Amino acid sequence: MTTAPANVNFDKGLGNTIAAETEMSFIDGQNGILEYVGIEIDALARNSTFEEVVYLLWNRRLPKKAELDAFTKEIRAEYDLPQPIWDMIRSMPKDAKPMHALRTLVSALSLHDAEVEDPSNEANQRKSIRMLAKTPALIAGFDRHRKGKDFVKPDRNADIATSFLTMLNGEAPTETMARALDVCLILHADHGLNASTFAARVTIATLSDMYSAMTTAIGTLKGPLHGGANEAVMELLNEIGDIDQVEPTIMHKLKNKDRIMGFGHRVYKAYDPRATYLKTFAKQIAEDTGNKKLYEMSSKIEEIMDREVASKGIYPNVDFYSATTYASIGLEIDLFTPMFAMSRIAGWAGHCIEQLADNRLIRPGAHYVGPHEQPYVPLEKR
Ligand code: SDX
């Protein structure tokens, strides 16, 4: 076998490689710290809104009131979809997975954006706003379609979370539910060079367009090792069924070296600070709604995982308690990862613009381990 060239290292999974500089998220995996532009995630979850966090990530500072009002107005003006996209949703198979539908629809939006090929920073900022603003309608519209219901158009007098839940359910959400989703959107907005953000950067670094980069990112987020984990957590809770089955099921899975979804992280070897906040939130919602079963089962799973694998640096990640929170808001399981995408558009777009500001094509090497000096054997002699 040939040896790798001397001046490079083979870092499988790139866990020990820094591939970009960013001014948006700071993650301290050993101490469980996450900051957006230097502000701790807990302070933002308690005090901010998703729209304000998007402004912070994209402008590297909190907005003044007039700036936030103007930004919010710009987003709401873009909430609605081009009619051909509403029509396209109607033509989709009702049994399609929402993440497949979302990936397809975000890509299709590019066909109706005159600026799709305009690489200027200003055009990319406008396209970022369009994709952020329209994704809620894409997700809610597809859900209404698959249930055979009429579309509910976006509410330009409401924030993203409220407008989305209104489009989804056909009625305005309670303030608690809207705030719960708003906080989830804050917590999922950006997270360094996670797999889907890295995929977006690889795409935009070729000087392809923002819609192609977002489409790449959505396809990458879908995987259960990444954004798809929140749906897998809910499936695990449903598989376990009730609190008495938690211990035997989890112990059996650990014995089989199965991954317990919602636990572990490439960077956090301490409690994911987003999970800390979401756990508090999930407990609050469980108490408010009286629906304590999911929260109690989740706590029991955490107790067992803490006893069995915390010593290996395996703790709950953002997906573990977001599942319970989304279920408490009344979202169907296969809408959990689309929620993650609805929020992470902010991070993906921010990273694309950051990549273009100091771009270099991202093209790592591969270490060839196959044979050499092989003859070409004619077909009749093989
Ligand atoms: C997200 O990167 C980001 O920032 C992502 C994210 C974001 O905001 O964008 O934070 C969002 O994707 C969170 C992660 C969601 N995924 C899951 O919950 C899926 C379950 N988790 C695992 O598959 C795993 O923890 C990963 C994929 C998240 C990270 O795995 P690594 O870093 O590749 O670590 P590894 O697979 O090498 O595991 C190290 C050890 C192994 O044991 P040994 O073989 O050394 O004995 O830890 C074990 C693993 O078996 N392990 C687990 C486990 N995760 C790791 N054992 C049981 N259950 C788990 N969940």
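Order of appearance sets the numbers: ligands from 1, and atoms from 1 within every ligand. Remember, it's a predicted structure, so these values are computed and weren't measured experimentally.
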Taking the non-hydrogen atoms of [X], is any one of them nearer than 4.0 angstrom to ligand 1?
| X | answer |
| --- | --- |
| V309 | no |
| D258 | yes |
| H188 | no |
| R274 | yes |
| G262 | yes |
| I314 | yes |
| G313 | no |

Before giving the answer on side chain to side chain contact (heavy atoms under 4.5 Å, CB included), spell out for R274 and T276 the whole-Å C-alpha distance, their side-chain angles and the decisive distance to 0.1 Å.
CA-CA 5 Å; R274 300 166 296 178; T276 308; over 6 Å; no
Which residue owns the protein heavy atom closest to [atom], what's the atom, and how far is it?
| atom | result |
| --- | --- |
| atom 20 (C) of ligand 1 | F263 O, 3.4 Å |
| atom 34 (O) of ligand 1 | R266 NE, 4.8 Å |
| atom 59 (C) of ligand 1 | I260 N, 3.6 Å |
| atom 12 (O) of ligand 1 | H226 ND1, 2.9 Å |
| atom 17 (C) of ligand 1 | A229 CB, 3.5 Å |

Looking only at heavy atoms, which two atoms of A189 and L57 are closest? And how far apart?
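Minimum heavy-atom contact is CB-CD1, 3.8 Å.
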Are I353 and L207 in one and the same hydrophobic cluster, where Ile, Leu, Val, Met, Phe, Trp and Tyr link if side-chain heavy atoms are under 4.5 Å apart?
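Linked, I353 and L207 end up in one cluster.
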Pair Y268 + H191: ring centers closer than 6.0 Å:
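Judged by ring-centre distance (under 6.0 Å), Y268 and H191 do meet the cut-off.
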Answer yes if the ring centres of F281 and Y277 are under 6.0 angstrom apart, and no otherwise.
yes
Got a sec: does the CD of Q374 have more than 12 other heavy atoms crowding it under 6.0 Å?
yes
Find out whether the Lys NZ or Arg CZ of R60 is both under 6.0 angstrom from the six-membered ring centre of Y55 and within 45° of the ring's axis.
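Cation-pi check for R60 and Y55: fails.
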Ligand-side contact atoms (ligand 1) for residue partner [X], heavy atom cut-off under 4.0 Å:
| X | value |
| --- | --- |
| L225 | 12 (O), 14 (C), 15 (C), 16 (N), 23 (O) |
| G264 | 25 (O), 28 (C) |
| R344 | 7 (C), 8 (O), 9 (O) |
| P224 | 16 (N), 19 (C) |
| N194 | 2 (O), 3 (C), 4 (O), 5 (C), 9 (O) |

Residue selection (non-hydrogen contact nearest atom 38 (O) of ligand 1) among R259, K269, M261
R259
Of H191, K257, E308, M305, which has the heavy atom at the shortest distance from atom 43 (P) of ligand 1?
K257
Quick one: do E171 and T166 satisfy side chain to side chain contact (heavy atoms under 4.5 Å, CB included)? Show the steps, please.
CA-CA 5 Å; E171 59 185 18; T166 304; over 6 Å; no
Look at the side chain of D118 and the backbone N and O of A123, then say whether any donor-acceptor pair between them is shorter than 3.5 Å.
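Not a single qualifying donor-acceptor pair exists.
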When you measure from the side chain of E52 to the backbone N and O of L68, does any donor-acceptor pair fall under 3.5 Å?
no
Where on D319 is there a heavy atom closer than 4.0 Å to ligand 1, on the side chain, on the backbone, on both, or on neither?
side chain
Residue-level breakdown please: for H265 versus ligand 1, do any non-hydrogen atoms fall below 4.0 Å on the side chain, on the backbone, on both, or on neither?
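The answer is both, backbone and side chain.
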Could you walk me through whether H351 and D190 pass side chain to side chain donor-acceptor pair (under 3.5 Å), step by step?
CA-CA 9 Å; H351 275 268; D190 188 50; 3.1 Å; yes
